[in-house]
Amino acid sequence: MRDKIVAGNWKMHKNAEETEDLLNELIDKLPSDAAVHIIVAPSFVNLASAVQHLEFTNINVAAQNMHQAKSGAFTGEVSAEMLTGIGVNSVILGHSERRAYFNETSEILKNKVDAALANDLVIIFCFGEELKDRQANTHFDLIEKQLSESLFHLQEKDWANIILAYEPVWAIGTGETASPEQAQEMHAFIRKTIDVKFGPAVSQNVAILYGGSVKPDNAKEIFSKPDVDGGLIGGAALKADDFVAIVKAAM
Ligand code: 13P
């Protein structure tokens with residue numbers, strides 16, 4: 001049985017004070033004995049304080065991005081080693097907003113994956129099709145391409161550090177969720193794709209999260225599908241009560 005994981009991607013929301021307030025509310029309200037892995041991803045500038053704040057809790061901290069180089073003249077960027085240096089143990093890579101607005105290609109993401117693994121970070125690897133792909137019925141091919149181009153060079157042992165997050169772009173921030181059946185269909189395809197390449201020891205153990213308009217009122221049904229191992233939550237992760245309800249829906 002795979003553990004459930006619920007991660008909150010705070011995107012570019014919450015200043016230092018608001019971050020502290022939300023973390024305090026989460027510490028108060030989240031069940032400390034939850035059999036669910038809980039992750040929050042505040043902005044870069046609030047990561048160090050979040051790590052300190054959450055030290056004695058069951059909530060882990062992820063970054064939302066990182067640069068692929070070890071160090072160098074990359075003004076404005078943050079390396080994997082800088083993240084681990086402040087106690088961050090995981091990183092979101094490949095979010096569709098980074099692919100679309102910051103031109104992150106599969107090749108760049110492959111290099112980011114390698115840099116994160118070299119620093120023993122857990123990677124939440126995001127991918128997903130746009131509406132036009134689904135309408136053209138090319139969504140399965142596209143997902144296979146996104147996975148193969150950035151992850152198929154990995155070795156079996158690397159998969160201990162990989163969490164997959166299927167996020168159909170048309171469902172992100174739109175209020176339009178993939179139906180539980182659509183999510184299950186794609187998650188089963190993803191697991192099959194991983195199985196064909198890496199075998200059952202990897203495919204049966206890798207967590208596949210769903211992301212895209214997950215809310216307290218739809219989380220339970222989506223999470224109940226056999227190949228959905230939890231969620232990557234955007235908007236609803238910014239409100240403690242909603243995020244707590246979503247964590248509880250995964251229990
Ligand atoms: P929403 O939950 O706001 O649709 O965002 C999902 C997401 O992009 C998480 O990474």
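Positions are given from 1 along the sequence. Numbering of ligands and ligand atoms starts at 1, following listing order.
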So, for Phe152 and Phe198, is the gap between ring centers shorter than 6.0 Å? yes

Closer than 4.0 angstrom, basic N to acidic O: yes or no for Lys215 and Asp242? no

Taking atom NZ of Lys239 as the centre, does the number of heavy atoms from other residues, nucleotides or ligands within less than 6.0 Å exceed 12? no

With a 4.5 Å limit on heavy-atom distance, are the side chains of Leu93 and Val113 in contact? yes

Less than 4.0 Å between a side-chain N and a carboxylate O, is that true for Lys192 and Asp227? no

Might you confirm whether atom CD of Glu81 has over 12 heavy atoms from other residues, nucleotides or ligands at distances under 6.0 Å? no

Check each N or O atom of ligand 1 against all protein N or O atoms and list the pairs under 3.5 Å, with atom names and distances to 0.1 Å, one per line.
{"from": "ligand 1", "atom 1": "2 (O)", "to": "Ser213", "atom 2": "N", "distance (Å)": "3.4"}
{"from": "ligand 1", "atom 1": "2 (O)", "to": "Gly234", "atom 2": "N", "distance (Å)": "2.9"}
{"from": "ligand 1", "atom 1": "3 (O)", "to": "Gly235", "atom 2": "N", "distance (Å)": "2.8"}
{"from": "ligand 1", "atom 1": "4 (O)", "to": "Gly173", "atom 2": "N", "distance (Å)": "2.6"}
{"from": "ligand 1", "atom 1": "4 (O)", "to": "Ser213", "atom 2": "N", "distance (Å)": "2.7"}
{"from": "ligand 1", "atom 1": "5 (O)", "to": "Lys11", "atom 2": "NZ", "distance (Å)": "3.4"}
{"from": "ligand 1", "atom 1": "8 (O)", "to": "Lys11", "atom 2": "NZ", "distance (Å)": "2.8"}
{"from": "ligand 1", "atom 1": "8 (O)", "to": "His95", "atom 2": "NE2", "distance (Å)": "2.8"}
{"from": "ligand 1", "atom 1": "10 (O)", "to": "Asn9", "atom 2": "ND2", "distance (Å)": "3.1"}
{"from": "ligand 1", "atom 1": "10 (O)", "to": "His95", "atom 2": "NE2", "distance (Å)": "2.9"}
{"from": "ligand 1", "atom 1": "10 (O)", "to": "Glu167", "atom 2": "OE1", "distance (Å)": "3.2"}
{"from": "ligand 1", "atom 1": "10 (O)", "to": "Glu167", "atom 2": "OE2", "distance (Å)": "2.9"}

